[in-house]
K.L.:
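Mind having a look at this structure? Questions to follow.
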Amino acid sequence: MKNIYLVPLILSIFSLAVIAIALQLDTSPEMIVGDSMQARSFPIFLMILKLILIGVLIFQFYKNNPKPVALEKYHTWGSMFLFLIFYLLTVYTDMFIGIFVVIFLMSILWGERRIWVAFLTATITPGMVFLLFDYVLKIRFPRGILMNLYYG
Amino acid sequence: MFEQAISAMASVVVDPYLLGLIFATTILGVIIGVLPGLGATTGAALLLPFTLTMDPVHAIAVLATIYVSATFAGSITAILINTPGTSAAAATTFDGYPLAQKGEAGRALGIAVISSTVGGIFSVLILCFAAPLLARVAYEFRSPEYFALTVFGLSMLASISAGGAVKNLIGGIFGVWLSTIGAERVTGIERFMFGNYELYEGLHFVPIFIGLFAISELLVQSKTVDKIVKTVSMKAVKLPTLEDYKKIWKTILRSCGIGTFIGVLPAEGATVASMIGYSEARRWSKNKKEFGKGSIEGIAGAEAANNAATGGAMVPTMVLGIPGSGTTAIILVGLMVHGLRPGVYLFTEQVEKVYQIFGSMFVANVMFMLMGLYAAKLFARVSLVPTQILWPIVFALSVIGAYAFQGQLLDVWLALIFGVIGFFARRHGFSVAPIAVGLILGEMVETNLQHSLKMFDGAWWMILTQPLALMFLVFAFLGLCGPMIFSWITKQKD
């Protein structure tokens with residue numbers, strides 16, 4: 001199978017999965033729903049519509065034979081991996097430690113050769129944003145190592 | 001009513017805080033507009049959380065100012081570095097950059113500034129008059145009409161600029177499905193929550209939009225880190241001469257009409273408007289050969305149209321709750337977050353606020369003109385900010401913005417997840433704007449369909465007996481199948 005058909009395949013599996021899950025949803029008594037729809041009806045209707053459109057998309061691909069999408073360089077995949085690191089650091093240490101590490105590593109990953117510039121960006125940005133949200137907008141950030149020190 | 005509108009609009013000029021806010025936001029909007037990748041939509045998505053604590057009028061004024069100023073500013077980089085700062089300025093590169101290469105960058109920018117300002121002001125004036133009239137018509141709407149109208153809005157997704165019609169519709173349906181996550185409004189049955197009770201009231205728009213527009217753009221920009229940008233030098237912005245005005249005034253007027261009309265159509269926006277404005281300028285021009293080589297009519301046609309679309313796009317957003325573009329989808333969320341319910345109610349109960357918002361847009365158009373004329377050279381330098389510094393900062397603003405909306409980490413994870421989804425969608429030629437519009441319209445479609453079914457005792461076909469609903473459904477059908485039918489008819493004739 002050609003790579004270009006992977007997207008319609010994934011979309012079809014997704015739509016079928018949604019239909020399968022929707023069919024498991026509870027039904028409401030007639031006296032509540034009346035002449036209207038059950039909660040499952042609308043999502044199922046949407047997914048059927050989507051499956052029809054996926055069929056049209058496959059036909060278009062078959063007719064036009066589009067070029068497969070070229071694979072991205074390491075910058076893109078590395079940035080996504082940094083999102084994962086951000087998640088882990090936020091959950092297990094502190095959101096601002098996560099932001100600092102991600103900004104620093106992302107700058108380096110994207111080609112910043114001056115370590116001190118990456119370090120300053122990673123320090124000043126979260127600092128400024130924190131001051132703005134904490135003092136001006138009065139937002140309380142999630143507790144973590146740094147926030148526990150700050151909030152006490 | 002008229003006096004009330006005038007005094008509300010005039011109150012913007014005598015409110016120093018609001019004026020200062022518009023001034024600061026215009027600077028920010030122009031900066032956002034000149035930074036390739038950071039368009040009006042991404043800028044508005046990033047700024048939305050900052051507006052949460054503001055007064056409703058100030059908040060919407062900030063978002064609307066970002067919209068108009070960033071739409072204009074995209075032309076600065078389009079002319080000077082052949083890279084449109086926003087997709088709406090793509091048509092400006094066709095003639096703006098060639099003119100700049102001839103050593104007339106200042107003249108090109110001057111034409112762009114004046115055309116954008118005229119387009120923007122024209123559309124605000126139309127907005128002031130058309131919106132209340134449309135609101136009066138909308139007063140007659142009931143559930144079947146609203147259902148048909150939202151179907152029409154969704155059908156227009158097929159013609160959004162990026163992606164193909166089928167891909168856009170798939171994206172729109174995905175967006176509508178996202179709106180079904182959470183407790184169903186009538187029965188309270190939990191749908192697709194998988195035990196996450198934070199999702200009981202459904203997915204919130206703000207983190208999703210930050211993900212779809214800002215995070216996904218970050219990932220898209222990661223592909224361009226090696227790109228080398230060539231700049232064209234410029235001494236100063238030159239105002240158009242009398243000779244220039246004689247050449248472009250008709251083009252500007254035509255593009256004002258085109259842009260406003262395109263903007264009013266649900267789900268259409270500044271990008272489509274500028275493309276049509278440009279092609280119409282070429283079609284009506286006596287100097288067709290100049291196009292693509294630095295025609296001032298080409299610049300004026302594209303720029304007047306894209307800024308005229310901003311006011312036009314606000315009409316369906318504020319009157320019907322149907323966004324006219326990706327950015328107005330965010331403005332619509334801003335309206336809802338601040339308790340300004342779009343629709344008839346807004347134009348009957350909160351007229352003053354509505355006209356203050358219109359007044360703010362008017363002022364923003366004048367401010368970006370001044371900035372364009374006197375500081376374009378300075379702003380052009382901003383576009384040279386290294387991507388390896390800019391986009392990590394956007395990451396920080398995105399995650400904190402997503403968190404600040406409700407103070408929930410779940411929103412941060414949702415923003416990141418939807419950023420990755422948006423990136424993969426764009427990678428395969430799907431635009432993210434239909435997902436956003438689908439998410440907004442989803443609840444309206446389902447709720448109004450439910451109410452209509454109840455109204456007609458389950459007889460869905462009775463919706464077709466309502467004249468206005470039938471009209472919108474016919475429009476929707478023509479929007480979806482019209483191009484195919486017309487091309488078939490043309491083929492048969494040939």
Side-chain angles (χ1 to χ4, degrees), chain A residues 7 11 18 21-22 25-28 32-40 42-43 46-47 49-50 53-54 56-57 60 69 72-73 75-76 78-80 83 86-87 90-91 95 99 102-104 106-108 110-112 117-118 121-122 125-126 129-130 132-133 136-142, chain B residues 49-50 52-53 164 166-167 169-170 173-174 176-177 180 184 186-192 215 218-220 222-223 225-226 386-389 391-393 395-397 399-400 403-404 407-409 412-413 416 419-420 423-424 427-430 442 445-446 449-451 453-454 456-459:
Chain A
V7 174
L11 290 174
V18 170
I21 296 166
L25 294 175
D26 295 335
T27 48
S28 309
I32 295 176
V33 180
D35 293 313
S36 192
M37 303 181 290
Q38 286 288 349
R40 59 169 66 166
F42 191 61
L46 288 174
M47 289 305 122
L49 212 58
K50 199 170 156 195
L53 286 168
I54 291 167
V56 178
L57 191 67
Q60 282 183 347
V69 182
E72 282 76 11
K73 288 182 189 169
H75 305 107
T76 310
S79 303
M80 276 188 229
F83 292 171
F86 171 73
Y87 170 77
T90 303
V91 171
M95 187 161 98
I99 292 173
V102 170
I103 293 184
F104 181 74
M106 198 180 276
S107 297
I108 303 283
W110 286 37
E112 182 55 66
V117 171
T121 313
T125 309
V129 172
F130 175 77
L132 178 69
F133 277 88
V136 183
L137 304 176
K138 309 280 178 207
I139 305 282
R140 273 185 80 86
F141 288 102
Chain B
F50 290 88
L52 294 176
T53 51
V166 177
K167 285 181 176 176
L169 288 173
I170 290 175
I173 290 175
F174 177 66
V176 176
W177 172 75
T180 66
E184 204 262 341
V186 177
T187 59
I189 288 173
E190 295 163 12
R191 296 188 293 194
F192 314 109
I215 303 272
L218 181 152
L219 292 171
V220 169
S222 70
K223 294 196 281 186
V225 286
D226 301 327
T387 49
Q388 66 267 27
I389 302 295
W391 290 95
I393 294 174
F395 170 81
L397 290 173
V399 292
I400 294 181
Y403 174 81
Q408 280 185 179
L409 273 174
V412 179
W413 314 141
L416 292 177
V420 175
F423 167 72
F424 279 107
R427 186 175 185 261
H428 292 282
F430 292 81
V445 175
E446 188 180 13
L449 178 60
Q450 283 170 331
H451 290 169
L453 289 173
K454 278 197 172 164
F456 300 125
D457 300 325

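Below, chain A is the first sequence line, B the second, and so on; all start at residue 1.
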K.L.:
Pick one of side chain, backbone, both or neither for T125(A), based on which atoms fall under 4.5 Å of a heavy atom in chain B.
P.N.:
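For T125(A), side-chain heavy atoms alone lie under 4.5 Å from chain B.
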
K.L.:
Relative to chain B, which segment of P142(A) carries a heavy atom at a distance below 4.5 Å: side chain, backbone, both, or neither?
P.N.:
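Both backbone and side chain.
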
K.L.:
Do you know which of L52(B), I389(B), V220(B), V412(B) has the most heavy-atom pairs under 4.5 Å to chain A?
P.N.:
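Ranked by heavy-atom pairs under 4.5 Å with chain A, first place is I389(B).
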
K.L.:
In Å, rounded to the nearest 0.5 Å, how long is the span from CD1 of I173(B) to CE of M47(A)?
P.N.:
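One finds 7.5 Å between CD1 of I173(B) and CE of M47(A).
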
K.L.:
I139(A) versus chain B, heavy atoms under 4.5 Å apart: side chain, backbone, both or neither?
P.N.:
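Answer is side chain: those atoms of I139(A) sit under 4.5 Å from chain B.
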
K.L.:
Of all the heavy-atom pairs spanning A39(A) and E184(B), show the shortest one and how long it is.
P.N.:
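Heavy-atom minimum between the residues: CB-CG, 3.8 Å.
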
K.L.:
What part of L219(B) lies closer than 4.5 angstrom to a heavy atom of chain A: side chain, backbone, both or neither?
P.N.:
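Both backbone and side chain of L219(B) come within 4.5 Å of chain A.
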
K.L.:
As an exercise: rank I189(B), V176(B), T53(B) by heavy-atom pairs under 4.5 Å with chain A and give me the winner.
P.N.:
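Between I189(B), V176(B), T53(B), the count favours I189(B).
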
K.L.:
Which atoms of A22(A) come close to chain B, meaning under 4.5 Å heavy atom to heavy atom: side chain ones, backbone ones, both, or neither?
P.N.:
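Its backbone and side chain both get close to chain B.
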
K.L.:
Are any non-hydrogen side-chain atoms of T90(A) and Y403(B) less than 4.5 angstrom apart?
P.N.:
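Side-chain contact under 4.5 Å: no.
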
K.L.:
With respect to chain A, which residue among V420(B), L218(B), V445(B), T387(B) yields the maximal number of heavy-atom pairs within a distance under 4.5 Å?
P.N.:
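Ranked by heavy-atom pairs under 4.5 Å with chain A, first place is L218(B).
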
K.L.:
Taking the six-membered ring for Trp, are the ring centroids of F83(A) and F395(B) within less than 6.0 Å of each other?
P.N.:
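F83(A) vs F395(B): aromatic centres under 6.0 Å.
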
K.L.:
Is Q408(B) in contact with chain A via its backbone, its side chain, both, or neither, using a 4.5 Å heavy-atom distance?
P.N.:
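Nothing of Q408(B), per the 4.5 Å heavy-atom cut-off to chain A.
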
K.L.:
Working to the nearest 0.5 angstrom, can you tell me the gap between L49(A) CG and I170(B) CD1?
P.N.:
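These two atoms lie 10.0 Å from each other.
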
K.L.:
Taking all heavy atoms of W177(B) and all of P43(A), pick out the closest pair and write down the distance.
P.N.:
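W177(B) and P43(A) have their closest heavy atoms at CD1-CB, 4.2 Å.
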
K.L.:
Of the backbone (N, CA, C, O) and the side chain (C-beta and beyond), which part of F104(A) lies under 4.5 Å from a heavy atom of chain B, both, or neither?
P.N.:
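Neither; nothing under 4.5 Å.
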
K.L.:
Is L11(A) close to chain B through its backbone or its side chain, or both, or neither, when contacts mean heavy atoms under 4.5 Å?
P.N.:
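Side chain of L11(A) only, per the 4.5 Å heavy-atom cut-off to chain B.
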
K.L.:
With side chains defined as the heavy atoms from C-beta onward, is the minimum distance between L46(A) and K50(A) less than 4.5 Å?
P.N.:
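No; the side chains remain at least 4.5 Å from each other.
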
K.L.:
Return the minimal non-hydrogen interatomic distance between K167(B) and G429(B), and the atom names on each side.
P.N.:
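So the minimum-distance heavy-atom pair works out to CD-O, 3.5 Å.
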
K.L.:
Select, from I21(A), L25(A), L53(A), the one with the greatest count of heavy-atom pairs under 4.5 Å involving chain B.
P.N.:
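If we count pairs closer than 4.5 Å to chain B, L53(A) comes out on top.
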
K.L.:
With a 4.5 angstrom heavy-atom cut-off, is it the side chain or the backbone of Y87(A) that approaches chain B, or both, or neither?
P.N.:
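Both backbone and side chain.
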
K.L.:
Quick one: of T121(A), T76(A), I99(A), who has the most non-hydrogen atom pairs under 4.5 Å with chain B?
P.N.:
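Winner by heavy-atom pair count: T76(A).
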
K.L.:
Would a 4.5 Å heavy-atom cut-off, applied to side chains only, mark F130(A) and I400(B) as touching?
P.N.:
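No - every pair of side-chain heavy atoms lies 4.5 Å or more apart.
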
K.L.:
By a 4.5 Å heavy-atom criterion (distance strictly below it), what part of F50(B) contacts chain A: side chain, backbone, both, or neither?
P.N.:
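Both parts, heavy atoms under 4.5 Å.
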
K.L.:
Counting heavy-atom pairs under 4.5 Å to chain A, which of R191(B), H451(B), R427(B) comes out on top?
P.N.:
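Heavy-atom pairs under 4.5 Å are most numerous for R427(B).
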
K.L.:
Please classify the contact of S28(A) with chain B as side chain, backbone, both or neither, using a heavy-atom distance under 4.5 Å.
P.N.:
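Both backbone and side chain.
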
K.L.:
Decide yes or no on side-chain contact (heavy atoms from CB on, under 4.5 Å) for F86(A) and M106(A), but give the supporting numbers first.
P.N.:
CA-CA 11 Å; F86(A) 171 73; M106(A) 198 180 276; over 6 Å; no

